[in-house]
Every structure is written in structure tokens, then in C-alpha cells.
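Just so you know, ligand 1 is whichever comes first in the structure, and atom 1 is the first atom listed for that ligand.
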Amino acid sequence: MSLLILGSVALDTVKTPIEEHTDQLGGSASYAAVAASFFSPVNLVGIVGDDFPEEHLAFFKSRNVDLEGLQIVPGKTFRWSGEYMWDMNQRETRSVELNVFENFTPDLPESYRSARLVLLGNIAPALQHHVLDQLIRPHFVIADTMDLWINIAKEELLRLIARVDMLILNDSEARELTGETSLIRAGRLIREMGPSFVAIKKGEHGCLLFGENQFFSCPAYPLEDIHDPTGAGDCFAGGLAGYLASRHLSDASLTEKKEIPFDIMRMAVVEGSVIASFNVESFSMDRLRTVTPAENVERFETFRTLSRFGAL
Ligand code: AMP
């Protein structure tokens, strides 16, 4: 059974203090799907225009990403452009062209409706609701979001949060959503809004995972060369969801709804962090095209070493 991923499929223009790349493959669903494909087959739900390069479709297919749920319609693909400041942490959105996104209704192919594991990637909460409404009996639903939706669609977002099993957001978004400065209190408050698990990303400083009376602080990988941070959050969510999908398939004890043990969630958070750390080493998804299984294992072990201390 595949992991269902909804989100944007985009052509991004990204400028850093050193380089600028135009109309490269991007979008929350694209990053998440390619990251998840390291662990699990993916069913992708999104929309592109007829200007979307064939080579990107071929790349998705080569990664076991099913495209029956990707609508290809006349018009231009969603375009996003961002610029990073010298610290490569702060970003300004330079432009957003919705294009085919303006009339997007994500109607699921019949075969996608029985998905058990679902990642509602960063996209308008109304579209996330629409996909959720079509699912027959999902076991575990993860939602990702961004500050834009907290600002312009808060009511819809709060209703969505109440419907999902896990919410992923970054530190400033968690503070904005809850009005709390403490991330520990913010994580706890978001859990009270509905999800059993909450992951708060802290950019280059790692991530916090909250479960019922349980907490995990995942370290950040100490990267020396960051070329393009775009999509790190989406890769984190995709890697995490892909890992859960692979465990879900192989472990019969996980087939009951919401019964994912905290230890497995900790592993999923580390796997998501590993994939995200590779992604920022190059523009677009270029680094994910070359990562080998051995490199993946090696970096996972580095994360293990980073969080170990004392005479173990
Ligand atoms: P991240 O760096 O994790 O924030 O993700 C960046 C990706 O999100 C880019 O590839 C963009 O194409 C995509 N993106 C930016 N704005 C939006 C939006 N409003 N809705 C959906 N996707 C977006």
C-alpha cells in the first residue's frame, strides 16, 4: 500500500547570496514525495500546467511516485520565487504565481481513497480538508502547514488540526499559532487541539517531537555547506511519513489506527532529518538524485552519535 501525499508541484526560482536558479523543480508535494520514496511507494496528488517539463514527470516515475493523482491541465504551473539572506536561514518570498492552482480541486482517483497513511503537505487548508473528506478509513494522517495559512485561513486550519493525527510546523509558526513563547508549552497546547503527535522544526537547530507524556529532541546535522534550504521542511515531512509507511507495511502491530509507538515516531523524525539534511546540500532535488543507501545509513549513524553521551 502506498503513502498518499498532497501538496504543491512547482517551478521555483531561488536566489542565494551566491547563485540563482530559475524554474527548477519544487513544491511541497514534490520534495515530500521524493524524500518519502526512499522508504515507500508514493501516490502523488497535485496539479501542474502543460508547461511542466516531461523530464520531471519521468524523474517522479523513476522514484516509484505514482502520478495518477497529478492533474495536468492547460495553463501555467504554480511558480514560487524566494531569496535567502547571507545566513541562509532567513528567506523572503519574492513572488508567487498561482496559475493552475487557482482552480485546483484535488479529486482523488478511486484507488487512492483507501490510503492508510497520508501526508497533507503544505497547501491551502481547504484543499487538505477536501482530500481528507474523500478518504475511506485512514489510519494515520499527518499535516504540514505554513505561516501564510495561520494568517489568512486560521479557522480552517484549526478545524484541520482537530482532524489529523500529527501536525508538523516550524518554531515561529508554533509560537504564532498558540501565542506561546515557550515551544514546550506550544507543543503541548497544539496536542490539546487534536493531534496525538506534534513535530516542531527549529531549522538548523533540529526538531522537537511531542507525544502523550513523551518528548524527544532530535539534534540537527552539523552541515558545513548549505546551498539551498528550500524544501527542507517538506523533505523532513516526506522522509518521516515514508518511514512510517514502510514500518506500517512491515509490522502488523501497527495496522490499528493511531497505534504508532513513540519509539517508532522518534526513528521517523530522525529519518526525516537525515533526508532533509541531504536536500539542502544542493539546489532543487539535485542532491536527492545522488544520495546512496550507504550514505543514508552513515548519516543516520551520525545522528545516533550526536545524541549519545556518557559511557554507553
Ligand atoms: P519550504 O522551504 O519547506 O518552506 O518549502 C518551499 C516549497 O514550498 C517551494 O518549493 C515552493 O514551491 C512551495 N510553496 C511556497 N509557497 C507555497 C504555497 N503558498 N502553497 C504551496 N506551496 C508553496
Trainee: If I take atom CG from residue Asn170 and atom CE from residue Met146, how far apart are they, to the nearest 0.5 angstrom?
Mentor: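 Taking CG in Asn170 and CE in Met146, the distance rounds to 9.5 Å.
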
Trainee: Answer yes when Arg94 and Glu20 have at least one side-chain N-carboxylate O distance shorter than 4.0 Å, and no when they do not.
Mentor: yes

Trainee: Counting from 1, what ligand 1 atoms have a heavy atom of Leu148 closer than 4.0 Å?
Mentor: 19 (N)

Trainee: What protein heavy atom lies closest to atom 17 (C) of ligand 1? Include the residue and the distance to one decimal.
Mentor: Phe78 CZ, 3.8 Å

Trainee: Can you tell which of Trp80, Tyr84, Tyr31 makes a side-chain hydrogen bond (donor to acceptor under 3.5 Å, both in side chains) with Thr230?
Mentor: Tyr84

Trainee: For ligand 1, find out whether one of its N or O atoms is nearer than 3.5 Å to an N or O atom of Gly27.
Mentor: yes

Trainee: Out of curiosity, Leu223 CG to Ser277 OG, how far, rounded to the nearest 0.5 Å?
Mentor: 5.5 Å

Trainee: Please lay out, stage by stage, how His56 and Phe52 fare under the test ring pair (Phe, Tyr, Trp, His ring centres under 6.0 Å).
Mentor: CA-CA 8 Å; His56 297 335; Phe52 192 70; 5.3 Å; yes

Trainee: Verify, without hydrogens or angle tests, whether Asp171 (side chain) and Ala174 (backbone) share a donor-acceptor contact under 3.5 angstrom.
Mentor: no

Trainee: Do any N/O atoms on Arg91 end up under 3.5 angstrom from N/O atoms on ligand 1?
Mentor: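 Yes; at least one N/O pair falls below 3.5 Å.
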
Trainee: I want to know if ligand 1 touches Thr230 in the polar sense, i.e. an N/O pair below 3.5 angstrom.
Mentor: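 Looking only at distances, the answer is no, because the N/O contact criterion of under 3.5 Å is not met.
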
Trainee: Quick one: which ligand 1 atoms are inside 4.0 Å of a heavy atom on Asp234?
Mentor: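 Those of ligand 1 that fall under 4.0 Å from Asp234 are 1 (P), 3 (O), 5 (O), 6 (C), 7 (C).
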
Trainee: Looking only at N/O atoms, are Ile123 and ligand 1 under 3.5 Å apart anywhere?
Mentor: no

Trainee: Using a 4.0 Å cut-off to any heavy atom of Gly26, which atoms of ligand 1 qualify?
Mentor: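 Under 4.0 Å from Gly26, ligand 1 has these atoms: 10 (O).
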
Trainee: Distance check, rounded to the nearest 0.5 Å: Ile152 atom CD1 versus Leu148 atom CG?
Mentor: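 It is 4.0 Å, given to the nearest 0.5 Å.
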
Trainee: Once rounded to the nearest 0.5 Å, what's the spacing between atom CG of Leu44 and atom CZ of Arg63?
Mentor: 14.5 Å

Trainee: Check each atom of ligand 1 against the heavy atoms of Gly233 and keep those under 4.0 Å away; list them by number with element.
Mentor: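 Those qualifying, in numeric order: 3 (O).
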
Trainee: Any idea which atoms of ligand 1 are less than 4.0 Å away from a heavy-atom of Ala10?
Mentor: 12 (O)

Trainee: What pairs of residues pass the salt bridge (charged side-chain N to carboxylate O under 4.0 Å, His left out) test when at least one of them lies in residues 180-195, not counting sequence neighbours?
Mentor: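 For residues 180-195, and leaving out neighbouring residues, the salt bridge (charged side-chain N to carboxylate O under 4.0 Å, His left out) pairs sorted by first residue read Glu180-Arg185.
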
Trainee: For ligand 1, is any non-hydrogen atom under 4.0 Å from Thr93's backbone (N, CA, C, O), its side chain (CB onward), both, or neither?
Mentor: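 Near ligand 1, Thr93 shows nothing, with every heavy atom at 4.0 Å or more.
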
Trainee: As an exercise, identify every atom of ligand 1 less than 4.0 angstrom from a heavy atom of Asn122.
Mentor: 21 (C), 22 (N)

Trainee: Give the numbers and elements of all ligand 1 atoms closer than 4.0 Å to a heavy atom of Ser8.
Mentor: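 Answer for ligand 1: 13 (C), 21 (C), 22 (N), 23 (C).
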
Trainee: Any N or O of Trp149 that comes nearer than 3.5 Å to an N or O of ligand 1?
Mentor: no

Trainee: Can you pull out the closest protein heavy atom to atom 16 (N) of ligand 1? Residue, atom name and distance to 0.1 Å, please.
Mentor: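 For atom 16 (N) of ligand 1, the nearest protein heavy atom comes out as Trp80 CD1, 3.7 Å.
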
Trainee: For ligand 1, which atoms, with element, lie under 4.0 Å from some heavy atom of Asp12?
Mentor: 9 (C), 10 (O), 11 (C), 12 (O)

Trainee: Under 30°, 30 to 60°, or over 60°: which ring-plane class applies to Phe140 and Phe197, parallel, tilted or perpendicular?
Mentor: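 Because their plane-to-plane angle lies in the 30° to 60° range, the rings of Phe140 and Phe197 count as tilted.
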
